[in-house]
Chemist: 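Structure below; questions to follow.
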Amino acid sequence: MSATMSTTPPQSPGYQLPKEHYLNATYGIRSWLLTTDHKRIALLYLASVTFFFFVGGIFATMIRIHLLTPQGYLVTPETYNKLFTMHGVAMIFFFLIPSIPAVLGNFLIPLMIGAKDVAFPKLNLLSWYIYITGGCFVLYSFATGGLDTGWTFYTPLSSVYSNSAVTPAILGIFINGFSSILTGLNFVVTIHTMRAPGMTWFRLPLFVWAQYSTSIIFILGTPVIAITLLLAGLERMFHLGFFNPALGGDPILFQHLFWFYSHPAVYIMILPAMGVVSEIIPTFARKPIFGYTFIAASSIAIAVIGFFVWAHHMFLTGESTYAALAFSLLSYLVAIPSAVKVFNWTSTLYKGSISYDTPMLYALGFIGLFLIGGLTGLFLACLGLDIHIHDTYFVVAHFHYIMVGGAVMGYVGGLHFWWPKITGKIYPEFLARLAAVILFIGFNLTFFPQFILGYLGMPRRYHDYPPEFQVLNVMSTAGASILALGYLLPMLYLTWSMRYGKVAGPNPWPATGLEWRTPSPPPTENFEVTPVVNWEPYDYKNRPDLGLATPTAPTLAPAHGDD
Amino acid sequence: MSEHIVSPKLYLLIFLALMVLTGTTVYAATVDLNHYYRGLNVIVALVIAACKALLVVLFFMHAYYSSKRTQLIIVAGVFWLAIMLSLTLGDYASRSWDVH
Amino acid sequence: MHRTGELSGQFQTLEQQKDSATLGMWIFLATEILFFGGLFLTYTINRHTYASMFAEASRTLDLKLGGFNTVVLIGSSLTMAMAVWSAQVGKKKLVTLFLILTLLLGCVFLGVKAIEYKQKFDENHVPGLNFQFEKNADQATNAHAQLFFSLYFGMTGLHALHMVIGAGLLVWLIKQSMAGRFTPQYNTPVENVGLYWHFVDIVWIYLFPLLYLIDRH
């Protein structure tokens with residue numbers, strides 16, 4: 001053990017980048033486009049999801065500008081329908097769902113479990129190509145007539161009445177689904193079979209547990225959206241009747257099938273972010289995580305229970321009262337594992353020696369925003385209340401608190417946390433903290449007024465609104481411009497740091513995970529020798545070598561079994 | 001890892017059982033079982049299909065001899081399918097109970 | 001599913017490699033259950049809503065051809081299982097023989113399926129192409145019968161697509177088998193394609209009674 005530890009001395013200046021690492025092992029565009037290295041594939045994903053984030057972000061900006069005035073400022077009502085649809089499709093299917101799993105998950109899972117690569121490296125590259133192919137179809141749809149069905153593709157609007165480019169969009173999302181499935185498959189197999197000696201299930205980092213849970217949803221949920229969209233697409237192309245009431249079909253069946261995947265898809269977005277937060281919190285509280293087993297189990301629980309709640313999206317669409325009751329009750333159940341996580345993170349912070357480095361700011365922001373998003377989710381799961389706030393801006397605010405306040409905060413926080421590992425460089429800390437604060441303020445200013453708007457009755461997806469709602473809408477738009485600044489800053493300084501940043505060294509924070517015991521950036525093979533794990537996770541108590549303020553154990557005692 | 005080798009005799013036996021069950025299901029469809037109990041025809045057809053599927057999974061696909069992990073994956077796939085079918089059909093079945 | 005049976009770089013041992021391939025295949029089959037599951041759910045709800053129409057439409061399918069195909073496909077599962085057995089006990093010639101038999105039976109199945117599709121095409125029973133259930137059928141009858149045939153073509157079409165992919169995999173296996181690649185130590189590809197083939201068989205085991213045997217009395 002001491003042999004492996006000596007490779008990660010406490011933070012000291014004067015590090016040099018390793019001579020050869022995964023970024024400079026080979027050169028040229030071919031070496032990237034044909035790579036099977038999980039770390040390079042992660043960077044391919046990083047570039048492509050960032051692109052789609054921009055696309056979706058531009059639509060969001062236009063929506064907010066349009067809503068500055070009650071009668072609508074910028075576009076025609078038809079174009080407005082397209083804006084919010086394309087914003088949703090780009091953000092959900094091509095940014096949020098692949099963001100943490102495909103970028104951070106791909107980069108980190110093999111490093112965290114001590115493997116050379118994922119189990120199926122070629123399949124991993126294929127997943128990226130499938131993602132890109134699906135993305136091209138969707139961009140084609142955006143460019144040739146756009147898409148105005150809402151990201152939910154409800155039939156018969158999508159299959160009969162819409163005059164926009166629905167077919168290529170459906171095809172694109174159908175294709176993209178296989179990227180998710182294969183990524184999930186790859187991760188599950190990797191976590192089962194590729195763990196280093198000594199890396200038992202309950203020594204896995206909680207990020208890996210979160211990815212495992214996410215992969216379960218990828219594997220068992222995504223096929224259903226694939227077949228559903230295929231049916232809707234066939235219905236549109238050949239005038240079939242599966243979901244078209246005029247031909248005897250059933251539109252509510254489409255909604256059942258759609259939400260069977262798309263509600264768990266929310267957990268695809270939030271679970272990995274929870275995994276990121278579970279890594280960041282103990283690192284900057286300098287304490288072992290509180291309730292490791294509970295956090296791990298609650299990830300699995302969220303993934304499983306998440307499949308039992310979908311029809312709470314359909315309370316007002318004609319499902320039976322009894323089914324609505326059951327789904328309402330089941331939806332409350334998800335709150336339990338979510339609360340377990342928040343409780344454990346908070347307990348980890350208790351009496352910790354907390355430092356407010358940038359990743360920690362994001363993690364703390366995540367806890368607060370997720371709490372608001374989660375609790376307002378309970379409002380919506382409540383049958384009686386949902387009748388009033390269904391399809392209002394209350395819903396919009398709620399899911400943006402989960403997806404932007406939760407998932408995106410986790411993603412950006414995770415990018416900062418592992419940026420030194422990915423690039424070997426440190427970003428400018430002051431700018432980064434500033435950006436985190438700007439993001440937090442901008443986010444709340446954008447979306448908190450929308451809770452009030454929704455409560456007052458402003459419906460979502462409308463291009464205009466009564467004049468009395470203007471003040472809150474202007475607040476929201478002002479917030480959005482701050483938010484945009486908050487996103488542009490990291491893009492600028494992170495890019496800058498790749499060239500000009502200080503060299504990070506293998507373990508800059510320092511943290512206990514296996515990924516920090518190899519050089520930054522890591523070599524193509526990840527580890528020079530296969531690591532052997534003989535310590536418990538998050539063992540900050542017994543790691544005086546990490547330069548803790550008050551180490552409790554004076555010597556390098558082997559740390560087994562005292563967790 | 002020693003894998004289990006199933007003897008060709010057993011394979012042949014399973015095949016014959018599958019043939020018999022195929023014959024049974026065709027025959028059962030020609031008899032009006034709904035007369036005895038509403039929907040009995042489709043129940044019989046599905047039970048026979050389930051038996052056939054089970055034979056294929058357990059012996060042709062060696063699930064009977066596989067690791068717990070493999071068996072868990074099969075159960076998970078079927079369980080998730082059951083979630084989707086039962087909760088959706090539950091909605092449809094309970095619509096007629098609604099009091100308007 | 002490594003081509004040469006050698007150890008790929010990311011693995012430590014051959015055993016780990018085999019374990020990963022098998023696990024991956026089973027997980028893939030689990031996704032397939034859910035993939036077909038969406039169709040089965042759509043089928044169930046429509047059949048319940050339009051029970052008598054589905055029964056009537058189902059009677060227009062050719063029971064003899066459907067039954068024959070069921071026997072053929074289950075037979076191909078037997079030969080596939082035998083191919084796996086031959087590989088496990090090291091009878092290299094038998095592996096090739098059984099794989100070829102499996103491929104042949106698969107092609108017979110697809111051929112019969114093509115004949116059935118042709119019949120349906122001649123009867124104007126293909127949804128979207130001048131669909132007409134019977135002469136002078138009213139609009140509702142046509143719409144509801146079209147639902148049955150949309151599902152019929154959707155389900156059997158997706159199944160046939162899986163068969164075509166399976167046949168492609170078999171060709172790939174036969175080529176390797178003829179080169180004598182499969183041994184008692186290395187036969188994961190045969191085993192995994194076998195799993196896939198049996199799964200496709202199971203789908204048909206459900207499709208046959210649900211589509212052909214709704215009401216034959």
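Model, not experiment: these values are computed from the prediction. Chain naming here is simple, since letters A, B, ... match the order of the sequence lines and numbering starts at 1 in each.
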Chemist: Using a 4.5 Å cut-off on heavy atoms from C-beta on, say whether the side chain of C:Ile74 contacts that of B:Lys52.
Modeler: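 SC-SC contact between B:Lys52 and C:Ile74 confirmed.
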Chemist: Looking at C:Arg47, C:His48, C:Met80, which makes the most heavy-atom pairs under 4.5 Å with chain B?
Modeler: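 Of the candidates given, the most pairs with chain B belong to C:Arg47.
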Chemist: Could you tell me the separation between the CZ atom of B:Phe15 and the CE atom of C:Met82, rounded to the nearest 0.5 Å?
Modeler: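 Answer rounded to 0.5 Å: 12.0 Å.
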Chemist: Got a second to check how far B:Thr70's OG1 is from C:Leu23's CG, nearest 0.5 Å?
Modeler: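 Interatomic distance, B:Thr70 OG1 to C:Leu23 CG, rounded to 0.5 Å: 7.0 Å.
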Chemist: Using a 6.0 Å cut-off, check whether atom OH of B:Tyr64 has over 12 heavy atoms from anything other than its own residue.
Modeler: no
Chemist: Pick from C:Phe36, C:Phe40, C:Tyr206: which one has the most heavy-atom pairs with chain B under 4.5 Å?
Modeler: C:Tyr206
Chemist: Of the listed residues (C:Thr44, C:Thr49, C:Leu41), which shares the most heavy-atom pairs with chain B below a 4.5 Å separation?
Modeler: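 Of the options given, most contacts go to C:Leu41.
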Chemist: Select all residues of residues 35-44 of chain B having any heavy atom within less than 4.5 Å of some heavy atom of chain C, and report them by number, or 'none'.
Modeler: B:Asn41, B:Val42
Chemist: Measuring from atom OH of B:Tyr11 to atom OG of C:Ser77, what distance do you get when rounded to the nearest 0.5 angstrom?
Modeler: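 One gets 10.5 Å once the value is rounded to the nearest 0.5 Å.
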Chemist: When heavy-atom pairs shorter than 4.5 Å are enumerated against chain C, which of B:Ala49, B:Ser67, B:Gly23 gives the highest number?
Modeler: B:Ala49
Chemist: Is the NZ atom of C:Lys113 crowded by more than 12 outside heavy atoms at less than 6.0 Å?
Modeler: yes
Chemist: Is it the backbone or the side chain of B:Val26 that comes under 4.5 Å from a heavy atom of chain C, or both, or neither?
Modeler: both
Chemist: Does any backbone or side-chain atom of C:Ile202 lie under 4.5 Å from a heavy atom of chain B? Answer side chain, backbone, both or neither.
Modeler: side chain
Chemist: If you apply the rule side chain to side chain contact (heavy atoms under 4.5 Å, CB included), what do you find for C:Thr70 with B:Met19, and how did you get there?
Modeler: CA-CA 9 Å; C:Thr70 309; B:Met19 287 296 102; over 6 Å; no
Chemist: OG1/C:Thr22 to CD1/B:Ile73 distance, rounded to the nearest 0.5 angstrom?
Modeler: 10.0 Å
Chemist: Could you have a look at C:Asp201, C:Ile45, C:Val84 and say which one has the most heavy-atom pairs with chain B under 4.5 angstrom?
Modeler: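 Maximum pair count with chain B is reached by C:Ile45.
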Chemist: Apply the test salt bridge (charged side-chain N to carboxylate O under 4.0 Å, His left out) to residues C:Asp19 and B:Arg69: give CA-CA distance (whole Å), side-chain angles for both, the deciding distance (0.1 Å), then the verdict.
Modeler: CA-CA 11 Å; C:Asp19 195 31; B:Arg69 194 182 64 191; 2.7 Å; yes
Chemist: B:Thr88 versus chain C, heavy atoms under 4.5 Å apart: side chain, backbone, both or neither?
Modeler: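 Contact with chain C involves the side chain of B:Thr88 alone.
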Chemist: Does any heavy atom of chain C fall under 4.5 Å from the side chain of B:Met61, the backbone, both, or neither of them?
Modeler: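 Both backbone and side chain of B:Met61 come within 4.5 Å of chain C.
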Chemist: Determine yes or no for a side-chain-to-main-chain donor-acceptor pair under 3.5 angstrom, with C:His217 supplying the side chain and B:Thr30 the backbone.
Modeler: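 No; judged by distance alone, with no hydrogens or angles, the pair does not exist.
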Chemist: Within the side chain of C:His198, is there an N or O that forms a donor-acceptor pair under 3.5 Å with the backbone of B:Val57?
Modeler: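 No.
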Chemist: Just how far is it from atom CD1 of B:Ile74 to atom CD1 of C:Ile27, taken to the nearest 0.5 Å?
Modeler: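 Output value for this atom pair is 12.0 Å.
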Chemist: Report which part of B:Tyr92 has an atom under 4.5 Å of a heavy atom belonging to chain C: side chain, backbone, both, or neither.
Modeler: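 Side chain of B:Tyr92 only, per the 4.5 Å heavy-atom cut-off to chain C.
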Chemist: Who wins among B:Leu12, B:Asp32, B:Leu81 for the most heavy-atom pairs under 4.5 Å with chain C?
Modeler: B:Asp32
Chemist: Of all heavy-atom pairs between B:Gly77 and C:Leu34, which one has the smallest distance, and what is that distance?
Modeler: O-CD2, 3.7 Å
Chemist: Which atoms of B:Ala53 come close to chain C, meaning under 4.5 Å heavy atom to heavy atom: side chain ones, backbone ones, both, or neither?
Modeler: both
Chemist: Sort out for me which of C:Asp215, C:Ile214, C:Ile205 touches chain B most, counting heavy-atom pairs under 4.5 Å.
Modeler: C:Ile205
Chemist: Non-hydrogen atoms of chain C under 4.5 Å away: do they reach the side chain of B:Ala28, the backbone, both or neither?
Modeler: neither
Chemist: Using non-hydrogen atoms and a 4.5 Å limit, figure out which bit of B:Ile14 sits close to chain C: side chain, backbone, both or neither.
Modeler: neither
Chemist: Counting only non-hydrogen atoms closer than 4.5 Å, does C:Val203 touch chain B with its backbone (N, CA, C, O), its side chain (CB onward), both, or neither?
Modeler: neither
Chemist: Quick one, C:Leu78 and B:Phe60 - any side-chain contact, counting heavy atoms below 4.5 Å?
Modeler: yes
Chemist: Specify the closest pair of heavy atoms between B:Ile5 and C:Trp85, including all atoms of both residues, with the distance to one decimal.
Modeler: CG2-CD1, 3.5 Å
